[in-house]
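Proteins come first, then strands; the chains are lettered A, B, ... in the order of their sequence lines, and each starts at number 1. Since we're looking at a predicted model, the values are computed, not measured.
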Amino acid sequence: DVKVTQSSRYLVKRTGEKVFLECVQDMDHENMFWYRQDPGLGLRLIYFSYDVKMKEKGDIPEGYSVSREKKERFSLILESASTNQTSMYLCASKGPLSGELFFGEGSRLTVL
Amino acid sequence: QKEVEQNSGPLSVPEGAIASLNCTYSDRVSQSFFWYRQYSGKSPELIMSIYSNGDKEDGRFTAQLNKASQYVSLLIRDSQPSDSATYLCAVKDSGNTPLVFGKGTRLSVIA
């Protein structure tokens with residue numbers, strides 16, 4: 001089974017802190033994604049990566065950056081957390097079939 | 001901006017009935033269509049994909065696609081309480097582009 005592991009299920013941070021969200025997949029997938037999910041707003045794409053050291057902006061990249069130094073690992077970085085970044089963050093990797101995304105369990109971030 | 005529209009629900013159906021979930025999309029070049037199911041507190045999981053006009057059946061689930069009307073639907077026959085979840089419609093155009101998700105329809109199957 002494909003496994004996408006997100007390092008933290010729950011985080012509480014202070015405004016202005018730097019936040020790292022880590023995601024690791026074990027299936028040698030090339031494409032990886034970071035989404036946030038908010039009630040009433042659905043899944044919104046923040047950044048994605050087609051390969052190591054490659055990154056593409058999604059629909060809402062402002063306030064975020066990403067790092068993909070190894071194929072299996074895709075990190076989301078909040079340089080200076082703000083309260084409007086309180087959300088559920090979901091990492092996904094894309095399998096061989098078109099449209100087949102495997103999601104991690106999510107990281108619920110609260111920024112105070 | 002590509003858009004995928006779904007009625008947010010909740011859609012309530014009695015156990016054993018057919019649940020019909022609908023989705024429209026704005027981009028005519030969309031080529032691939034998917035339904036994801038998300039249980040409360042869990043992550044989405046892929047349950048159906050459809051690429052050509054018509055129906056595609058998988059067990060109790062049937063996906064329907066009408067590209068001329070830019071419309072995708074998911075039918076769940078013999079609905080069970082365990083089908084209660086949010087169903088996300090997603091579309092994709094050609095090439096290595098990301099999925100575009102709708103906001104989801106919450107389905108509640110009443111025993």
Enquirer: Is there side-chain contact between A:Glu105 and B:Lys42, with heavy atoms separated by less than 4.5 Å?
Expert: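 A:Glu105 does not reach B:Lys42 side chain to side chain.
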Enquirer: Looking only at non-hydrogen atoms, find the nearest pair between A:Phe33 and B:Pro98 and report the distance.
Expert: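 Taking every non-hydrogen atom into account, CE2-CB, 4.0 Å.
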Enquirer: Taking every heavy-atom pair that is under 4.5 Å apart, which of A:Gly42, A:Gly58, A:Ala92 has the most such pairs with chain B?
Expert: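 When all of A:Gly42, A:Gly58, A:Ala92 are compared, A:Gly42 has the most.
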Enquirer: Looking at every non-hydrogen atom in both residues, tell me the closest pair between B:Phe34 and A:Gly99 and how far apart they are.
Expert: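 Between these two residues, the closest heavy atoms are CZ-CA, 3.3 Å.
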Enquirer: Starting from B:Ile50, can I reach B:Tyr25 by hopping between I/L/V/M/F/W/Y residues whose side chains sit under 4.5 Å apart?
Expert: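 As far as the 4.5 Å side-chain criterion goes, B:Ile50 and B:Tyr25 are connected within one cluster.
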Enquirer: Examine distances only and state if a side-chain atom of B:Ser43 and a backbone atom of A:Gly104 form a donor-acceptor pair shorter than 3.5 Å.
Expert: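 Side chain of B:Ser43 to backbone of A:Gly104: a pair is present.
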Enquirer: Indicate, with yes or no, if B:Leu65 and B:Leu21 share a hydrophobic cluster defined by side-chain heavy-atom contacts under 4.5 Å among Ile, Leu, Val, Met, Phe, Trp and Tyr.
Expert: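 Same cluster.
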Enquirer: Under 4.5 Å, counting heavy-atom pairs only, tell me which of B:Pro44, B:Ser32, B:Ser8 racks up the most with chain A.
Expert: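 Ranked by contacts with chain A, first place is B:Pro44.
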Enquirer: How many angstroms lie between CG in A:Leu43 and CD in B:Gln38, if you round to the nearest 0.5 Å?
Expert: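 A:Leu43 atom CG to B:Gln38 atom CD measures 6.5 Å (nearest 0.5 Å).
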Enquirer: Could you tell me the separation between the CD atom of A:Gln37 and the CG atom of B:Leu88, rounded to the nearest 0.5 Å?
Expert: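 Rounded to the nearest 0.5 Å, the CD-CG separation comes to 6.5 Å.
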Enquirer: Verify the cluster assignment for B:Leu75 and B:Val109: are they in a single hydrophobic cluster under the rule of side-chain heavy atoms below 4.5 Å apart?
Expert: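 No; tracing contacts between hydrophobic side chains, which count when under 4.5 Å, never links both residues.
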Enquirer: If I measure from the heavy atoms of chain A, does B:Phe33 come under 4.5 Å with its side chain, its backbone, both, or neither?
Expert: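 Contact with chain A involves no heavy atom of B:Phe33 at all.
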Enquirer: For the atom pair CG (B:Leu99) and CG (A:Leu101), what is the distance rounded to the nearest 0.5 Å?
Expert: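 Between B:Leu99 CG and A:Leu101 CG, I get 5.0 Å after rounding to 0.5 Å.
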Enquirer: Which of the residues A:Asn31, A:Asp59, A:Leu90 is involved in the greatest number of heavy-atom pairs with chain B at under 4.5 angstrom?
Expert: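 Counting heavy-atom pairs under 4.5 Å, the top option is A:Asn31.
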Enquirer: If you round to the nearest 0.5 Å, how far is CD of A:Glu100 from OH of B:Tyr36?
Expert: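 Taking OH in B:Tyr36 and CD in A:Glu100, the distance rounds to 7.0 Å.
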Enquirer: For the hydrophobic clusters of this structure (ILVMFWY residues joined by side-chain heavy atoms under 4.5 Å, transitively), does one cluster hold both A:Ile60 and A:Met88?
Expert: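 Each belongs to a different hydrophobic cluster.
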Enquirer: Should B:Leu46 and A:Leu45 be counted in the same cluster of Ile, Leu, Val, Met, Phe, Trp and Tyr side chains packed under 4.5 Å apart?
Expert: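 Linked within one cluster.
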Enquirer: Measure distances from A:Tyr35 to the heavy atoms of chain B and classify the residue's part below 4.5 Å as side chain, backbone, both or neither.
Expert: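 For A:Tyr35, the contact with chain B is made by the side chain alone.
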Enquirer: If you count the non-hydrogen atoms of other residues, nucleotides and ligands that lie under 6.0 Å from NZ in A:Lys70, is the total more than 12?
Expert: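 Count not over threshold, so no.
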Enquirer: Quick one: what part of B:Ser49 sits under 4.5 Å from any heavy atom of chain A, side chain, backbone, both or neither?
Expert: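 B:Ser49 has no heavy atom closer than 4.5 Å to chain A.
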Enquirer: Answer yes or no: does atom NZ of A:Lys57 have more than 12 heavy-atom neighbours from other residues, nucleotides or ligands under 6.0 Å?
Expert: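 Open.
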Enquirer: Hey, is CZ on A:Arg44 packed in by over 12 heavy atoms from elsewhere, all under 6.0 Å?
Expert: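 Counting other residues, nucleotides and ligands, CZ of A:Arg44 exceeds 12 neighbours.
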Enquirer: Should we say atom CZ of A:Arg14 is surrounded by more than 12 heavy atoms from elsewhere, each under 6.0 Å from it?
Expert: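 Not more than 12 within 6.0 Å, no.
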